[in-house]
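In this text the structure is predicted, and so the values were computed from the model without any measurement. Below, chain A is the first sequence line, B the second, and so on; all start at residue 1.
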2 protein chains.
Amino acid sequence: MIDLGRLRALHAVASYKTVLAAGQALHCTPSAVSQQLAKLERETGTTLVEKDGRGLRLTEAGQLLARHAERVLATVDEAEAALAAHRDTVTGRLTVVAFATACRALLPWALHRLASEHPQLSTGLLEANPHEGLDALHRGHVDLAVLDDWPEAPLRYPAGIAHVELGWDLVDLVVPSGHRLSGTTTLAKCRDERWIAAPVGDICHEWLMRVMPGLQPDFHVGEFETQMTLIAAGLGIAVIPRLARTALPDGARIVKLNPEPRRRVVVAWREAAAARPAIKAAEQALRASWTQASAARASRTVNAPA
Amino acid sequence: MIDLGRLRALHAVASYKTVLAAGQALHCTPSAVSQQLAKLERETGTTLVEKDGRGLRLTEAGQLLARHAERVLATVDEAEAALAAHRDTVTGRLTVVAFATACRALLPWALHRLASEHPQLSTGLLEANPHEGLDALHRGHVDLAVLDDWPEAPLRYPAGIAHVELGWDLVDLVVPSGHRLSGTTTLAKCRDERWIAAPVGDICHEWLMRVMPGLQPDFHVGEFETQMTLIAAGLGIAVIPRLARTALPDGARIVKLNPEPRRRVVVAWREAAAARPAIKAAEQALRASWTQASAARASRTVNAPA
DNA sequence: GTCAATCATGTAGCCAACCTACAACGTGGG
DNA sequence: CCCACGTTGTAGGTTGGCTACATGATTGAC
């Protein structure tokens, strides 16, 4: 197939009328241009230029090919321009995986912000636990992952996955209103309570087992709202991250823990896609969403203290 | 600017989904394809492919560029196809230069034939003497030349000009009906006649001076028709090529010469343009036109003998 | 008419780019 | 857990392009 360099040479000669000028335009010697033309003629089996006095003149075939060359070069230019535009535009499709609480408390605002700031970006959301999320990210099923990373059961980030910390999510002990515990306590002192935990396999359950080995919860419930309802009904106690807590139902109250358990909330992406503007924009949106949620929690705590 | 080979590699990977298959399609090793992709990524500063299990997957930027690559490659294909079609099509513009007599006796039929057989060909005609014609051909002002080449004053064909003989045009002596000469004669015996010749500078005049050195014609007239009218009026004698002779006017008759003077009629073109189909087609048309004119002269001679 | 300027085009040689062969690595399936 | 599959890195040979210089041809001026 025809080589682009040859087409460029022909086009330059067609434009500048002389091999010398074409060479200057292409930043090379006229000899190089001449050789390119000669090879183009050999390769196409066509006479493209003819001598014309001191200079030369394109034959009809040469003019024909020069016109086509112009189209080809223009098309290549378009491709480059489109790629350059894509390179620094938040566009395309961005799929995010997040753990359940983040899906509820963080992602709606983040995705809304993203959509309004970047209309060309189409978004998607997948709820999954951090292990699944990391795997989905690694396999390219999603472009961004929002993960909860417990210090006592830390995640393993595969090579090629970059991550940054969004912030720390503190964990409170929630007990029925009339419960004996009050003020500040430690998890060790709660070992004999009736526990409400996440289902087996859930990372929260895994963490709890790691923090309190041998504990045998009486309830296994995934949604924190349900856990709180169970607490308010006086059936047991549970540890609940603040990000997951909306309003405290009647019949439940908070007991501070010391040391305060906490999990890291992390945003992760493939390093290969790190340069993509959509990734950076999404991370910014998540960060904004995080500070907004933190502020909301703070004001809620002030307005309705435990 | 982007290289075509890289675009081809990307397009092949986009089409065949795997570097291996793309390599087979491009008749090279997967390593070569991989390297092309890597360079394309470096050059564009964009991530175009990402690993996906055992194989790989195009990023959005990769898909974008692959789509554009398809357009580019298609445009290049069009260019090649157009050039190939042009290469073996009688098309474009063909300008012919011819000496005066050929313009009248040969070219009308030849150009007509050419136009009817090859509607895509546009033709042009320029009347000029052989020297001017050869120069115009050499300079590229015309594409084909029909020349009269007198053995006694032969043309010099510059390098790069090819020519073939179309045929020989015999020359007769034409005298007034009541003239003393009859049968067969020689030019030498006519030296003392009143001569009608072409204008000074005309190749026919040049030839006559070469054949009969020192001759001083009394009349200098370019058109042979006029010469014959002068002869019929009894004003002198002249040598007239058969190609230029239409009907013999009353008052003029032919005297055969021995040896019979003759001129070669030649078709010439630039060797650089020899491959052009229009050149060959025009030469064929001229040849057909020549045999047709010869046949017409023969029948006219039979029907109206001197 | 001659001479100088201008322009294209060969040639030799250097250099960069490309491709192949081979090995190493990671992945998915039995 | 191992094997097949696919990509990617590396070394080496080859091709191809470009430069510098010389040559040939043409034009215009003195």
Side-chain angles (χ1 to χ4, degrees), chain A residues 1-10 12-14 16-43 47-59 62 135-141 158-161 270-272, chain B residues 1-10 12-14 16-43 47-59 62 134-141 156 158-161 270-272:
Chain A
M1 197 185 274
I2 289 181
D3 178 64
L4 259 198
R6 320 254 152 108
L7 286 188
R8 241 189 293 281
L10 179 66
V13 169
Y16 297 96
K17 309 295 180 196
T18 145
V19 175
L20 192 70
Q24 289 171 245
L26 297 176
H27 304 102
C28 64
T29 60
S31 183
V33 176
S34 181
Q35 291 176 50
Q36 291 285 353
L37 287 182
K39 292 193 174 172
L40 187 55
E41 288 193 334
R42 282 200 308 119
E43 287 165 3
T47 304
L48 299 172
V49 293
E50 280 186 353
K51 296 204 171 95
D52 183 20
R54 265 201 294 234
L56 45 73
R57 162 181 35 89
L58 268 66
T59 64
D135 189 56
L137 179 65
H138 192 228
R139 291 175 185 273
H141 298 160
I161 299 293
R270 290 185 299 279
E271 281 171 1
Chain B
M1 196 183 277
I2 289 182
D3 179 62
L4 260 198
R6 317 231 204 271
L7 285 188
R8 244 190 294 280
L10 179 66
V13 169
Y16 297 95
K17 309 298 179 192
T18 144
V19 174
L20 192 69
Q24 290 171 245
L26 296 175
H27 304 102
C28 66
T29 61
S31 184
V33 176
S34 181
Q35 292 176 49
Q36 292 286 353
L37 288 182
K39 292 192 175 172
L40 187 56
E41 289 193 333
R42 282 199 308 121
E43 288 165 1
T47 304
L48 299 172
V49 292
E50 279 186 354
K51 296 205 172 98
D52 183 18
R54 266 201 291 234
L56 45 74
R57 162 182 35 88
L58 269 66
T59 64
L134 220 39
D135 189 57
L137 178 65
H138 191 228
R139 290 176 185 272
H141 298 160
R156 297 259 313 132
I161 299 293
R270 290 185 299 279
E271 280 170 2

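Distance, B/Leu26 CG to C/dC18 P: 14 Å, rounded to whole Å. Put simply, NZ on B/Lys39 is 13 Å from C1' on D/dT10, counting in whole angstrom units. Here C/dC18 presents its P atom at 13 Å from CG of B/Leu4, a figure rounded to the nearest Å. Remark: P of D/dC18 and CZ of A/Arg8 are 10 Å apart, rounded to the nearest angstrom. Here D/dG16 presents its P atom at 9 Å from CZ of A/Arg42, a figure rounded to the nearest Å. If you measure from atom CD of B/Glu43 to atom C1' of C/dA16, you get 13 Å, rounded to the nearest angstrom. Atom C1' of nucleotide D/dT15 and atom CD of A/Gln36 are separated by 14 Å, given to the nearest angstrom. To the nearest angstrom, P of D/dC5 lies 13 Å from CD of B/Gln24.
Note: B/Arg57 CZ to A/Arg139 CZ = 11.5 Å, rounded to the nearest 0.5 Å. Taken from OG1 in B/Thr47 to CZ in A/Arg270, the straight-line distance is 10.0 Å, to the nearest 0.5 Å. To the nearest 0.5 Å, atoms CG (B/Asp3) and CD (B/Gln36) are separated by 6.5 Å.
Residues A/Arg139 and B/Arg6 both approach DNA chain C. Their nearest nucleotides, taken by heavy-atom distance, put B/Arg6 toward the 5′ side. Residues A/Gly53 and A/Val33 both approach DNA chain D. Their nearest nucleotides, taken by heavy-atom distance, put A/Val33 toward the 5′ side.
At D/dT7, none of the side-chain N or O atoms of B/Arg57 fall inside 4.0 Å of OP1 or OP2 (strictly under the cut-off).
Here the shortest heavy-atom pairing between A/Gly23 and A/Val33 reads CA-CG2, 3.6 Å. Across every non-hydrogen atom of B/Ala14 and B/Leu58, the tightest pair is CB-CD2, 3.7 Å. Contact record, A/Leu48 with A/Glu41: N-OE2, 2.7 Å, taken as the closest heavy-atom pair.
In this structure, A/Gln24 and A/Leu20 have side chains that are in contact, with non-hydrogen atoms separated by less than 4.5 Å. Annotation: side chain of B/Ile2 is in contact with side chain of B/Leu7 (closest heavy-atom distance under 4.5 Å).
With sequence neighbours left out, A/Leu56 forms a side chain to side chain contact (heavy atoms under 4.5 Å, CB included) with A/Val13, A/Val19, A/Val49.
Across its full length, the helix from C/dG1-D/dC30 to C/dG30-D/dC1 shows an angle of 20° between the axes of its 5 terminal pairs at either end, rounded to 10 degrees.
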Expected string for nucleotides 3-11 of chain C under the B/S/- scheme (protein heavy atoms, under 4.0 Å, primed atoms plus P, OP1, OP2 as sugar-phosphate) is --BBSSBBB
